[in-house]
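Residue indices begin at 1 and follow the sequence shown.
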Amino acid sequence: MTATDGQFLVTGAVRAPGTVVTTAELDKRAQGPRRVHYVTRACDRMDEVRGIPLHDLLSDVGLLLREDRKMDHLNLVVLAFGQDGYQVTLSWGEVDVEFGACAALVATRYNDVVLRRPTLVLPRDSRGSRYVRLLSELRVLHIDSDAVPLPRSAPH
């Protein structure tokens with residue numbers, strides 16, 4: 001399944017993988033406005049954004065957690081994909097309000113203009129490098145030590 005204009009997908013370790021989220025439905029719940037200031041290679045910007053916290057959105061969709069693992073939510077990462085293929089990774093620990101509380105926002109409006117697709121905004125970042133425009137997918141993944149090959153110890 002792919003997202004069309006005005007929507008994006010939530011996939012991976014969530015209760016309903018493939019959940020379609022529309023800009024219009026998010027905009028009805030948008031909070032703000034919030035001023036964000038960030039720098040890119042090309043500019044220094046100050047914008048006013050409205051949106052929904054990423055934590056709230058993914059909590060509403062529902063994370064799939066392993067009951068047999070202590071603090072399993074701290075083993076989750078969120079990959080945000082833009083329509084152009086740009087990708088950013090956030091740990092759930094930095095998004096979770098009980099831990100990093102990074103204030104990641106799925107913005108539906110910039111300067112009071114409704115966006116075609118939301119933009120992932122990190123208001124506390126001074127650079128715009130982790131902003132993902134034209135959001136097409138949020139993918140939640142478990143990072144598991146069994147899935148990551150560990151280097152072999154060097155012989156003594």
Side-chain angles (χ1 to χ4, degrees), residues 1-65 71-144 147:
M1 174 179 265
T2 58
T4 62
D5 263 359
Q7 60 181 252
F8 65 93
L9 299 175
V10 181
T11 64
V14 293
R15 284 194 200 118
T19 297
V20 175
V21 179
T22 68
T23 305
E25 72 185 41
L26 282 185
D27 193 52
K28 290 176 188 171
R29 298 174 50 201
Q31 302 171 9
R34 181 172 186 160
R35 286 190 174 268
V36 294
H37 175 250
Y38 58 97
V39 177
T40 70
R41 284 189 228 155
C43 65
D44 185 332
R45 294 197 50 118
M46 176 72 77
D47 291 304
E48 198 170 81
V49 298
R50 293 179 63 86
I52 181 171
L54 177 63
H55 177 271
D56 294 357
L57 171 66
L58 291 177
S59 294
D60 289 350
V61 172
L63 302 175
L64 274 184
L65 300 175
M71 303 295 280
D72 189 45
H73 57 292
L74 296 178
N75 292 300
L76 295 175
V77 295
V78 179
L79 288 93
F81 295 92
Q83 186 177 13
D84 62 358
Y86 189 66
Q87 173 185 325
V88 169
T89 304
L90 302 171
S91 72
W92 185 252
E94 73 182 299
V95 172
D96 194 317
V97 295
E98 293 182 351
F99 294 95
C102 72
L105 187 72
V106 180
T108 58
R109 291 177 185 248
Y110 254 69
N111 303 314
D112 212 32
V113 174
V114 177
L115 301 173
R116 214 168 29 109
R117 283 191 177 169
T119 294
L120 177 66
V121 172
L122 286 108
R124 296 184 186 151
D125 285 11
S126 58
R127 294 197 48 85
S129 303
R130 295 198 301 169
Y131 286 35
V132 179
R133 298 184 193 319
L134 298 172
L135 194 62
S136 63
E137 180 182 355
L138 291 172
R139 186 180 306 160
V140 179
L141 298 173
H142 273 98
I143 299 301
D144 193 319

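- Side-chain atoms of Arg139 never come within 3.5 Å of backbone atoms of Leu79 as a donor-acceptor pair (strictly under, hydrogens ignored).
- Annotation: salt bridge (Lys or Arg N to Asp or Glu O under 4.0 Å) contacts of Glu94 (sequence neighbours excluded): Arg130.
- Between the Ser136 side chain and the Phe81 main chain, a donor and an acceptor come within less than 3.5 Å of each other.
- Partners of Leu58 by side-chain contact (heavy atoms from CB on, under 4.5 Å), not counting sequence neighbours, listed by chain and number: Val10, Leu54, Leu63, Val78, Trp92, Leu138, Val140.
- For Asp112, the salt bridge (Lys or Arg N to Asp or Glu O under 4.0 Å) partners at least two apart in sequence or on another chain are Arg109.
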With side chain to side chain contact (heavy atoms under 4.5 Å, CB included) as the criterion, how do Gln31 and Leu105 come out once you've worked through the C-alpha distance, each side chain's angles and the decisive distance to 0.1 Å? CA-CA 9 Å; Gln31 302 171 9; Leu105 187 72; 5.7 Å; no

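- Checked against salt bridge (Lys or Arg N to Asp or Glu O under 4.0 Å), Asp56 has no partners two or more places apart in sequence or in another chain.
- By the salt bridge (Lys or Arg N to Asp or Glu O under 4.0 Å) test, Arg116 pairs with Asp5, sequence neighbours left out.
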Before you tell me yes or no, could you show the steps for Thr40 and Arg45 under side chain to side chain contact (heavy atoms under 4.5 Å, CB included), namely the whole-Å CA-CA distance, both residues' side-chain angles and the distance that decides it to 0.1 Å? CA-CA 8 Å; Thr40 70; Arg45 294 197 50 118; 5.8 Å; no

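- Note: Arg29 CZ to Thr108 OG1 = 11.0 Å, rounded to the nearest 0.5 Å.
- Thr119 places no side-chain N or O within 3.5 Å of a backbone atom of Val121 that could act as its donor or acceptor partner.
- Rounding to the nearest 0.5 Å gives a distance of 12.5 Å between CG of Leu120 and CG of Leu134.
- The backbone N or O of Val49 sits nowhere less than 3.5 Å from a side-chain atom of Asp47 that would complete a donor-acceptor pair.
- Residues that satisfy the ring-ring contact (aromatic ring centres under 6.0 Å, His included) test with Tyr131, not counting sequence neighbours, are Tyr38.
- Leu9 contributes atom CG, which lies 8.5 Å from atom OG1 of Thr19 (distance to the nearest 0.5 angstrom).
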